[in-house]
Amino acid sequence: MNNLLAPVIPAENILSDKFRVHLVQSDGMEPDLRARRDYVLLAPVSSYVGEGVYAIFDGFGVPELFRVTSAFGKGLRLFRDNKRYQEYVLTLEKFEEVVVGFVIADIKVKDERFLREAAH
């Protein structure tokens, strides 16, 4: 029966200075991740580690979230779930200049009361 359960992750691995909790700032990943309500757990990275959601810093404001996949020899394809936003193709070199994190978990807030109380 224990083989069916995921291995336990030690708390010190999650409460590490290697990970950062990041508030989802824009509606670019909606409906999956809600702006100013949900959070993601980021692992700092400085290069492409495979398909997934990355935090990209454009030099202004806060990092934005993008899904990143291979563009089949043309570099990396960056896009958002919300189709209102433009898609980009970046070279691997340019991507490495702007990437700051890889999303390893999302935190979907169920009840905001406790977060509001903690902020005061």
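Position 1 is the first residue of the sequence; numbering continues from there.
- At distances below 3.5 Å, not a single donor-acceptor pair connects side-chain atoms of R67 with backbone N or O atoms of R80.
- Here the shortest heavy-atom pairing between R77 and F79 reads NH1-CE2, 3.3 Å.
- Between atom CG of residue L76 and atom OH of residue Y48 there is a gap of 6.0 Å, rounded to the nearest 0.5 Å.
- Residue pairs satisfying the salt bridge (Lys or Arg N to Asp or Glu O under 4.0 Å) criterion with at least one member in residues 22-31, sequence neighbours excluded, are listed as follows: D27-R84.
- Residue F102 is grouped with residue L23 when hydrophobic side chains (ILVMFWY) are merged at heavy-atom distances under 4.5 angstrom, including chains of intermediate members.
- One distance of note links OH of Y54 with CG of L65; it measures 13.0 Å at 0.5 Å rounding.
- The two residues V109 and R34 have their closest heavy-atom pair at O-NH2, 2.9 Å.
- One finds a salt bridge joining K108 and D32 here, because a Lys/Arg side-chain nitrogen approaches an Asp/Glu carboxylate oxygen to under 4.0 Å.
- Residues H22 and L42 come closest through the heavy atom pair CB-CD1, 3.7 Å.
- Among all heavy-atom pairs drawn from A55 and P63, the shortest one is CB-CB, 4.0 Å.
- Using a distance-only test at 3.5 Å, with no hydrogens or angles considered, no donor-acceptor pair links the side chain of D106 to the main chain of L41.
- Minimum heavy-atom separation, S26 to Y85: CB-OH, 4.4 Å.
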Distance-only donor-acceptor pairs under 3.5 Å for side chains of residues 90-101, two or more places apart:
| unit_1 | atom_1 | unit_2 | atom_2 | d |
| --- | --- | --- | --- | --- |
| T91 | OG1 | K94 | N | 3.0 |
| K94 | NZ | E97 | OE1 | 3.4 |

